[in-house]
Protein chains: 2
Amino acid sequence: MTEEVKAEELKSKLSNRLYTDSLYYDVKLTEKFSKMLGLQLFSKLNSPVSPEEFLVLDVTYSNPDICQRDLAKLLVKDRANTGRLLESLEKKEFIKRVVDVKNNRLVKKIVLTEEGDKVLHDVMAKVFPVFDKVSEKFTDEEIKFTKDILKRMRDTFKDIVELQI
Amino acid sequence: MTEEVKAEELKSKLSNRLYTDSLYYDVKLTEKFSKMLGLQLFSKLNSPVSPEEFLVLDVTYSNPDICQRDLAKLLVKDRANTGRLLESLEKKEFIKRVVDVKNNRLVKKIVLTEEGDKVLHDVMAKVFPVFDKVSEKFTDEEIKFTKDILKRMRDTFKDIVELQI
DNA sequence: ATAAGTATGTTGTAAATGCAACATGTTTTT
DNA sequence: AAAAACATGTTGCATTTACAACATACTTAT
């Protein structure tokens with residue numbers, strides 16, 4: 001086989017490669033379905049919080065007294081969006097933002113209210129079973145394996161992507 | 001162990017479960033990093049199309065003369081968003097929308113222009129190598145396995161989620 | 001001591017999203 | 001034949017997004 005033919009084949013292969021065949025598009029599509037299920041569930045349940053607000057409650061619950069920027073880092077959201085989600089949650093009285101000092105700097109620490117705690121666990125009780133139905137299709141090993149792959153993928157992304165939080 | 005204690009433990013476990021520990025949050029986070037890498041790459045390259053527009057070109061390329069609704073189904077986007085992305089691509093003259101008849105109904109078939117084809121492959125040539133760097137961290141087996149798991153997950157979601165396309 | 005840099009939070013903006021509602025036709029039911 | 005349902009595409013709207021730019025206030029460099 002000549003070099004020319006090889007190069008032609010390579011070129012052909014390259015131009016026939018599709019983004020939609022990649023693992024990254026699989027991840028994108030899967031997240032889209034998962035997100036839509038969340039949206040539809042929260043809507044059907046008349047949840048007082050959106051899926052993203054629920055996420056904030058979830059992380060706040062497991063990280064009491066965290067300040068906004070540290071919360072943003074955990075959420076992998078920028079400070080602007082984190083602040084807006086918190087503003088909405090505070091307006092609904094599911095959290096309070098308490099001004100405090102950390103490293104000699106003013107920060108706003110997030111405190112879950114009783115009502116916020118209640119909403120978090122109410123939503124969990126209704127939403128978890130639905131997602132559990134999906135998880136039933138997989139073995140514990142499969143889930144563990146996939147979580148590991150995705151974590152390694154994120155770690156690789158972190159070296160390339162500029163996160164400004 | 002009494003039933004009461006068991007129930008107490010179960011309740012405790014339930015309330016200690018976190019959404020952020022779930023596989024679905026892993027998928028969400030991973031997609032977020034992947035999306036951000038795409039955004040930053042396209043921006044750095046001064047790409048004439050956004051990542052979502054690139055996706056439309058990718059699917060149009062591999063499905064010539066597809067109509068808007070069928071394209072929407074492949075993209076798993078609703079008709080409204082698909083139409084808006086196409087409107088933007090047509091304005092930039094990367095596609096044309098040709099009115100045609102299918103099943104005795106008027107449809108708009110999507111045709112990639114020469115310029116659109118060029119942009120698609122230019123962007124591919126610049127973006128694929130970056131994502132390939134990430135893929136290098138995984139064996140072919142791992143990628144195949146993960147794609148399979150995610151596909152099964154989507155198939156399960158499809159039975160639960162209402163897709164109105 | 002002054003300047004430059006950093007930390008924290010806010011406001012503005014453009015893109016993409018899903019859903020609802022609409023317009024306009026064609027089928028199917030009744 | 002009239003009514004209901006469906007197919008296709010569009011417009012409007014509220015949510016979420018990332019990024020840029022800003023306001024304060026503190027730290028570090030010069």
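Model, not experiment: these values are computed from the prediction. Throughout, protein chains are lettered first and strands after them, A, B, ... in sequence-line order, and every chain is numbered starting at 1.
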Inset, instruction - May I ask you to check whether over 12 heavy atoms, not counting those of B/K109, lie within 6.0 Å of atom NZ? - result: yes

Inset, instruction - Measure from NZ on A/K109 to P on C/dG9 and round the result to the nearest Å. - result: 11 Å

Inset, instruction - Return the 5'-most residue of the pair A/K28, A/R97 with respect to DNA chain C, ranking by each residue's nearest nucleotide. - result: A/R97

Inset, instruction - Between A/L39 and A/V107, name the one whose nearest nucleotide on DNA chain C is closer to the 5' end. - result: A/V107

Inset, instruction - Report yes if some heavy atom in the side chain of B/F131 is under 4.5 Å from a heavy atom in the side chain of A/L23; otherwise report no. - result: no

Legend entry - Between D/dT16 (P) and A/F42 (CZ): distance, integer Å: 11 Å

Legend entry - A/R79 CZ - D/dT16 C1' separation (whole Å): 18 Å

Inset, instruction - Identify, residue by residue, the members of residues 155-165 of chain A with a heavy atom below 4.0 Å from DNA chain C, and return them in order of residue number, or none. - result: none

Inset, instruction - Could you check how far CD of B/E87 sits from P of C/dT17, rounded to whole Å? - result: 15 Å

Legend entry - Length of the CG-C1' vector between B/L71 and D/dG9, whole Å: 13 Å

Inset, instruction - Any chance you could measure A/L106, atom CG, to A/C67, atom SG, to the nearest 0.5 Å? - result: 11.5 Å

Legend entry - Nearest-nucleotide pick for A/N104, side chain only, options being C/dT10, D/dC26, D/dA18: D/dC26

Distances under 3.5 Å between protein N/O atoms and the N/O atoms of nucleotides 13-16 of chain C, please, pair by pair.
| from | atom 1 | to | atom 2 | distance (Å) |
| --- | --- | --- | --- | --- |
| C/dA16 | OP1 | B/S50 | OG | 2.3 |

Legend entry - Check: A/T20 and B/L74 side chains under 4.5 Å, non-hydrogen atoms: no

Legend entry - Flag, side chain of A/T30 to backbone of A/D26, donor-acceptor distance under 3.5 Å: yes

Legend entry - Heavy-atom check, side chain of A/I95 versus side chain of A/L57, under 4.5 Å: yes

Inset, instruction - For B/K102 and for B/M36, locate the closest nucleotide of DNA chain D by heavy-atom distance; then report the residue assigned to the nucleotide nearer the 5' terminus. - result: B/K102

Inset, instruction - Would you kindly give the NZ-to-P distance between B/K108 and C/dA23, to the nearest whole Å? - result: 17 Å

Legend entry - Aromatic ring pairing A/F157/B/F33, orientation class (parallel under 30°, perpendicular over 60°, tilted between): parallel

Legend entry - Short side-chain to backbone donor-acceptor contact, A/E53 and A/S88, under 3.5 Å: no

Legend entry - Heavy atoms from other residues, nucleotides or ligands near NZ of A/K92 exceed 12 (cutoff 6.0 Å): yes

Legend entry - Spacing between B/L106 atom CG and D/dG9 atom P, to the nearest angstrom: 9 Å

Legend entry - Side-chain touch B/K147/B/K151, heavy atoms, less than 4.5 angstrom: no

Inset, instruction - Return the value, rounded to whole Å, for the distance between atom CG of A/D78 and atom C1' of C/dT11. - result: 12 Å

Legend entry - Side-chain touch A/D155/B/K137, heavy atoms, less than 4.5 angstrom: no

Inset, instruction - For residues B/Q164 and B/D78, report the shortest heavy-atom separation together with the two atoms involved. - result: O-CB, 4.5 Å

Inset, instruction - Return the nearest nucleotide to the side chain of A/K32; candidates are C/dT17, C/dG9, D/dA18. - result: C/dT17

Under-3.5 Å N/O pairs linking protein and nucleotides 4-7 of chain C:
| from | atom 1 | to | atom 2 | distance (Å) |
| --- | --- | --- | --- | --- |
| C/dT6 | O2 | A/R105 | NH2 | 3.3 |
| C/dA7 | O4' | A/R105 | NE | 3.3 |

